[in-house]
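First up is the structure itself, then whatever we jot down about it.
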Amino acid sequence: MPRNFPLDKCRNIGIIAHIDAGKTTTTERILFYSGRTYRIGSVDEGTTVTDWMAQERERGITIVSAAVTAEWKGYQINVIDTPGHIDFTAEVQRSLRVLDGGVVVFDAVQGVEPQSETVWRQADRYHVPRICFVNKMDRVGASLEYTIGTIRDRLGANPIQMQMPLGSEATFKGMIDLLTMQAIYFEDELGKEPRYTEVPNDLRSQAEDLRTQMVEKIAELDDDLTMKYLEGEEISVAELKAALRLAVLHNRATPVFCGSSLRNKGVQLVLDAVIDYLPSPTDIPPVVGNVPDSETTLELPTEDDAPLSALVFKIVTDPYVGRLAYFRVYSGTIKMGDMVYNPVKGRKERIGRLLRMYADRREDVEEIPAGDIGAVLGLKNTFTGDTLCDSEKPIVLESITFPEPVISIAIEPKSTADQDRMATALQRLAEEDPTFKVHTDENTGQTIIGGMGELHLDVLVDRMLREFRVQANIGNPRVSYRETITREVPEVGYKYVKQSGGHGQYGHVVFAMSPLDRGAGIQFTNKIVGGAIPKEFIPAVEKGVREATESGVLAGYPVTDLSVTLIDGSFHEVDSSEMAFKMAAIMCFRDGLHKGASVLLEPIMKVELVLPEEYLGDVLGQITSRRGEVLGMDVRPGNAQAIHSLVPLSEMFGYATELRSVTQGRGMFTMEFDHYRPVSNSVAEKIIK
């Protein structure tokens, strides 16, 4: 089956932003203007294409990323609309891992908000080129200059203003394209027929000044253009576009466009910019992966007839068709009926139905070529982050890393009938969402579910009820504390000896333990010399250490941020076994925790509050009473103040209600996990009790 579009005419882009900046509304306009839909959906009415889940429509927020395909001016654009809420950060993470470019949407009143910063850093991590769209230019207090300033200052980016707004706030009616020096008016209600005219005389000098600044910034990105600019030569629009495109591809500049998605102004120009500046699959470097079970790396070109390499980035349980795996093909072609190899699991899988997804709707296709995104039904052993490849030329692509849960609650079925259904539902949901963890507490026998926040767990429990018909009781939220040591333990040893007729058990290990920086995790090093412990027992020692880290000595919380070095030990010719060394390692590690003066660590959240100035004193008092620390404040448009603070997660439960009551519903806050830090003795005593 021939390609519908050549590779250089394909774009894989994500719409990313802070919650409520207008991502879904913008995606809805993209689908309408590209002819994929015939009416514009509304987030408020729950009629959008990409927010298709019942929970999304009720809450008016995006919860899961949705993939849709549109065509624009002879180009195929695969768009993924991502959530803005920090609780669903995994959806953004996995989308950015497989996308080639991003459109970052900003609220023209608020500028850069906390979650804008998070998604920007995630895009930096995966080297995703992006363009900016400053939305909501029709709102009171909207300012393109302020937003560009916050992009430069807070994100450390190099924003280049490509347009000048025509009118402001309620009178916003279009923009001037600084490249071509044309005024563009959006006058009809649906914004389908933009009117291009000359720049009005009263705005010409201001537009020319802005154009000069833009040309200067673009010229700085290219040595040849810098020479031309310094010598006063005219630089053509084509040269400016080519230099800017190259700079965007290498993440050295970010073009900024403006408009109002809700009022249907400016979205077509963003689509033009996606084509002009964001990469096609041929613009990104060839995919590089590891050959399984070796240190060798392998590079595969983005070509349809190259050996297959594809990354599965999302699993969805569809009530009608079963288990769907979304994937991005980096090289080669996946065809219906093919046998593919999953090197992570070491299993072969048959490709059943291949689908091109359109949010929750789907169309069957025969094949998905290189550079494209699709979904497949019927894979049994493949999960998020796994690679699919050619068994003749196996390759493992870099997986996707997800943050650990910060909050957990106990859950139990209401009846015996719900018990089996609950186990199935939890397994399916955990397969879909890598930040959702399920385990059984050994001490209490309770089933504990963990996630990224109260909203995250609330949505998952709601899905259990609606999709899997499971009635369940929920316990109070619990914070995921951690334990670590505060001082170095130069030497701690343990001899595990058991004698009981016949073979005994003998294992002896000596560790050195030391604390590490926050976020470093557990590091195990073997420094045994001279065969004090035979090589075959070293993995058992490490396994014992890893197992022991699951439960600390203070309150049974996981242990983190410390290094364990195996420095000595002894063995018995007959009685030593893997089991004995594993038990010795567990006991030795626990002794080391006592000697290293173990402390409890609690998750600290970065909290940003935006509120009218008159409530500032009350809200600062609230933060202090919750053991919070104010980092700084800044003024926001419309006589509002933004407070930046760090507050322990345990103090944030139920805070939304308290903030609403003290600010008469006008204050809002966003929070995201920042780091772990030790708790004070008085708080630790309460937790341990």
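Worth knowing before you read on, the calculation uses all heavy atoms, side chains too, and leaves out hydrogens, waters and symmetry mates. All values reported here derive from a predicted model rather than from experimental measurement.
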Hey, mind stepping through Glu432 and Arg428 against salt bridge (Lys or Arg N to Asp or Glu O under 4.0 Å) and telling me if it holds? CA-CA 6 Å; Glu432 281 189 25; Arg428 297 263 176 85; over 6 Å; no
With side chain to side chain contact (heavy atoms under 4.5 Å, CB included) as the test, would you mind laying out the steps for Ile16 and Ile80 before giving the verdict? CA-CA 9 Å; Ile16 56 177; Ile80 294 187; over 6 Å; no
Pair Leu278, Ile131 - check side chain to side chain contact (heavy atoms under 4.5 Å, CB included), show working. CA-CA 8 Å; Leu278 290 181; Ile131 60 175; 4.0 Å; yes
For a salt bridge (Lys or Arg N to Asp or Glu O under 4.0 Å) check, start with the C-alpha distance between Asp138 and Arg263, then their side-chain angles and the critical distance, and finish with the verdict. CA-CA 8 Å; Asp138 57 315; Arg263 301 279 170 257; 3.3 Å; yes
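No donor-acceptor pair closer than 3.5 Å links the side chain of Thr382 to the backbone N or O of Leu379. Distance alone, capped at 3.5 Å, is enough to place a donor-acceptor pair between the Asn135 side chain and the Ala21 backbone. With hydrogens and angles ignored, the 3.5 Å screen pairs no side-chain donor or acceptor of His127 with any backbone N or O of Ala123. A donor-acceptor pair under 3.5 Å is formed between the side chain of Asp386 and the backbone N or O of Phe383. Under the 3.5 Å distance criterion, the side-chain polar atoms of Glu239 are matched with a main-chain donor or acceptor of Ser236. A donor-acceptor pair under 3.5 Å is absent between the side-chain atoms of Arg94 and the main chain of Thr384, judged by distance alone. Of the possible polar contacts, none joining the Thr26 side chain to the Ser261 backbone as a donor-acceptor pair under 3.5 Å is found. A side-chain donor-acceptor contact under 3.5 Å links Ser34 to the backbone of Leu31.
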Please report, to 0.1 Å, the donor-acceptor pairs under 3.5 Å made by any side chain of residues 168-175, with sequence neighbours excluded.
| unit_1 | atom_1 | unit_2 | atom_2 | d |
| --- | --- | --- | --- | --- |
| Glu169 | OE2 | Gly141 | N | 2.8 |
| Thr171 | OG1 | Ser168 | N | 3.1 |
| Thr171 | OG1 | Ser168 | O | 2.7 |

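Tested against Phe327 for a side-chain contact (heavy atoms from CB on, under 4.5 Å), the candidates Val340, Ile373, Leu354, Leu311 yield a single pass: Leu354. The only option from Arg356, Arg11, Arg328 that meets the salt bridge (charged side-chain N to carboxylate O under 4.0 Å, His left out) definition with Asp372 turns out to be Arg356.
Sequence neighbours left out, the pairs with a member in residues 188-197 that pass salt bridge (charged side-chain N to carboxylate O under 4.0 Å, His left out) are Glu187-Arg195.
Relative orientation of the His456 and Phe436 rings is perpendicular, given thresholds of 30° and 60° on the angle between their planes.
Side-chain contact between Met164 and Leu203 is present, with at least one heavy-atom pair separated by less than 4.5 Å. Residues Lys335 and Asp338 have side chains in contact (heavy-atom distance under 4.5 Å, counting atoms from C-beta outward). With contacts defined as side-chain heavy-atom distances shorter than 4.5 Å, the pair Asp124/Arg130 qualifies. Residues Lys136 and Val109 are not in side-chain contact: their nearest non-hydrogen atoms beyond the backbone lie 4.5 Å or more apart.
The side-chain contact (heavy atoms from CB on, under 4.5 Å) search around Leu179 returns Met162, Asp177, Met214, Val237, Leu240, Lys241, Tyr277, not counting sequence neighbours. Every residue two or more places apart in sequence or in another chain that forms a salt bridge (charged side-chain N to carboxylate O under 4.0 Å, His left out) with Glu608 is listed here: Arg636. In this structure Glu398 satisfies the salt bridge (charged side-chain N to carboxylate O under 4.0 Å, His left out) test with no other residue, sequence neighbours excluded. Scanning for salt bridge (charged side-chain N to carboxylate O under 4.0 Å, His left out) contacts around Asp202 gives an empty result, with sequence neighbours left out.
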